[in-house]
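Data block below; observations after.
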Amino acid sequence: MEGTPLQDRRVPPPEAEIGSAAADALAAVPRSSPRVVLLGPPNAGKGTQAAMLRERLGVPGITTGELLRAEAASGTALGVQVKGIMEAGGLVDDATMGQVVRERLRRVEAGRGFLLDGYPRTLAQAETLGTILEAAGSSLDAVLLITVPEEELMRRALARGRSDDRPEVVRERMRVYREETEPLIGYYRRLGLLREVDGNHPIEDVGRALAAALAAHPS
Ligand code: AMP
């Protein structure tokens with residue numbers, strides 16, 4: 001008999017087709033819309049992962065670095081000030097950031113969830129976020145931390161070539177991360193919200209690990 005009739009062809013089950021790891025990760029994505037903070041050092045891949053995770057979860061993203069870069073490009077008085085701070089690797093003040101994030105969160109539909117990337121970056125910001133959410137009768141579901149060894153972060157930063165990626169600025173951003181942002185790890189761990197993911201792997205693998213970490217029950 002010549003050829004194989006279409007109906008007789010062995011069709012693999014869908015899971016086999018897309019790979020069992022991918023199927024697992026898809027199945028692991030929670031059905032509800034979570035309220036999530038993505039945390040990690042500069043160049044850990046937060047931006048890339050935030051874009052992928054947002055799509056996967058179907059939740060709106062709030063990316064403060066992007067919002068601030070847009071403000072800087074607009075040339076307003078605040079924009080000029082923000083641009084200087086960003087180019088030096090410093091942090092925009094907590095009060096300004098609180099206003100930016102409060103305004104964005106107000107526009108997020110209740111019950112739709114969100115993914116915050118780049119905020120909070122200080123303990124004061126974390127407390128402000130808690131207050132904003134509490135006032136809206138809401139709270140965070142999880143804080144995902146992407147970890148990457150420091151040498152790898154430096155290598156990535158220098159390969160990227162953004163205007164705030166000069167070596168001295170990169171070092172300053174790392175220092176600021178260690179001093180201002182790292183304390184958030186303990187803060188969110190104590191609140192039982194922290195879920196850690198190893199970011200020193202290919203982008204797709206980290207994406208799957210983040211989705212799985214979000215779906216897992218809190219430890
Ligand atoms: P990112 O793209 O998240 O690395 O942000 C770029 C720059 O924007 C940072 O280096 C800071 O200068 C500023 N920035 C972003 N988010 C915040 C924040 N939550 N608090 C203070 N400054 C921020």
Side-chain angles (χ1 to χ4, degrees), residues 35-54 60-108 114-133 140 143-148 150 152-185 187-188 193-194 197 199 203 206 210:
R35 296 168 296 249
V36 181
V37 163
L38 194 55
L39 197 63
N43 298 295
K46 286 200 307 294
T48 307
Q49 293 300 336
M52 283 166 46
L53 197 56
R54 211 152 69 198
I62 300 174
T63 303
T64 49
E66 247 167 48
L67 294 173
L68 295 176
R69 275 189 284 279
E71 187 70 39
S74 74
T76 58
L78 176 62
V80 171
Q81 193 195 335
V82 159
K83 191 165 188 253
I85 295 169
M86 289 171 79
E87 283 176 354
L91 291 183
V92 174
D93 68 280
D94 292 337
T96 302
M97 292 313 302
Q99 281 168 18
V100 168
V101 169
R102 183 178 275 113
E103 171 56 28
R104 284 282 151 167
L105 281 171
R106 217 200 307 271
R107 291 197 227 158
V108 170
F114 56 78
L115 182 66
L116 263 172
D117 159 29
Y119 188 93
R121 252 179 163 94
T122 65
L123 278 175
Q125 291 182 8
E127 280 162 8
T128 299
L129 176 62
T131 308
I132 294 171
L133 293 176
L140 287 177
V143 174
L144 296 172
L145 171 67
I146 306 179
T147 59
V148 175
E150 191 153 332
E152 172 63 13
L153 293 173
M154 283 304 277
R155 199 191 61 71
R156 292 185 188 181
L158 300 174
R160 192 166 68 161
R162 210 167 72 181
S163 71
D164 54 354
D165 282 344
R166 291 193 313 276
E168 66 275 22
V169 178
V170 169
R171 271 192 289 275
E172 176 61 7
R173 292 168 80 215
M174 297 275 233
R175 189 191 65 77
V176 169
Y177 174 79
R178 268 195 303 272
E179 280 182 19
E180 304 284 348
T181 311
E182 235 169 38
L184 297 185
I185 297 173
Y187 176 85
Y188 283 124
L193 290 172
L194 197 78
V197 165
I203 289 173
V206 177
L210 286 168

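No hydrogens, no waters, no symmetry mates; every other heavy atom, side chains included, goes into these values. Counting starts at 1 for both ligands and their atoms, following the listed order.
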Just to be sure I read this right, does ligand 1 sit under 4.0 Å from the backbone of Met97, its side chain, both, or neither, counting only heavy atoms?
side chain
Could an N or O of ligand 1 be found under 3.5 Å from any N or O of Val92, whether backbone or side chain?
yes
Between Glu66 and Arg69, is the closest basic N to carboxylate O distance under 4.0 Å?
no
Under 4.0 Å from a heavy atom of Leu68: which atoms of ligand 1 are those, numbered in the order shown and with their elements?
8 (O), 13 (C), 14 (N), 15 (C), 23 (C)
Check whether Thr131 reaches the backbone of Glu127 with its side chain - one donor and one acceptor, N or O, closer than 3.5 Å.
yes
Considering the options Val143, Leu38, Leu129, which one meets the side chain to side chain contact (heavy atoms under 4.5 Å, CB included) requirement together with Leu116?
Leu129
Report yes or no: does Thr63 contribute a side-chain atom to a donor-acceptor pair with the main-chain N or O of Asp117 at less than 3.5 Å?
no
For Thr64, take its heavy atoms, then give the atoms of ligand 1 lying under 4.0 Å from any of them.
15 (C), 16 (N), 17 (C), 19 (N)
Arg173: numbered ligand 1 atoms lying under 4.0 Å from its heavy atoms:
4 (O), 10 (O)
Any nitrogen or oxygen of Gly90 lying under 3.5 Å from a nitrogen or oxygen in ligand 1? Just yes or no.
yes
Subset of ligand 1 atoms that lie under 4.0 Å from at least one heavy atom of Arg69
2 (O), 6 (C)
Counting distance only, does the side-chain N/O of Gln125 pair as donor-acceptor with the main-chain N or O of Arg121 below 3.5 Å?
yes
Can a salt bridge be assigned to the pair Glu150 and Arg178 using a cut-off of 4.0 Å between side-chain N and carboxylate O?
yes
Is Gln125 touching ligand 1 with its side chain, its backbone, both, or neither, if touching means heavy atoms under 4.0 Å apart?
side chain
Considering only heavy atoms of Gly118, which atoms of ligand 1 have at least one such atom less than 4.0 Å away?
16 (N), 17 (C), 18 (C), 19 (N)
Do any N or O atoms from the side chain of Lys46 and from the backbone of Gly40 form a donor-acceptor pair under 3.5 angstrom?
yes
Proximal atoms of ligand 1 relative to Tyr119 (non-hydrogen, under 4.0 Å)
19 (N)
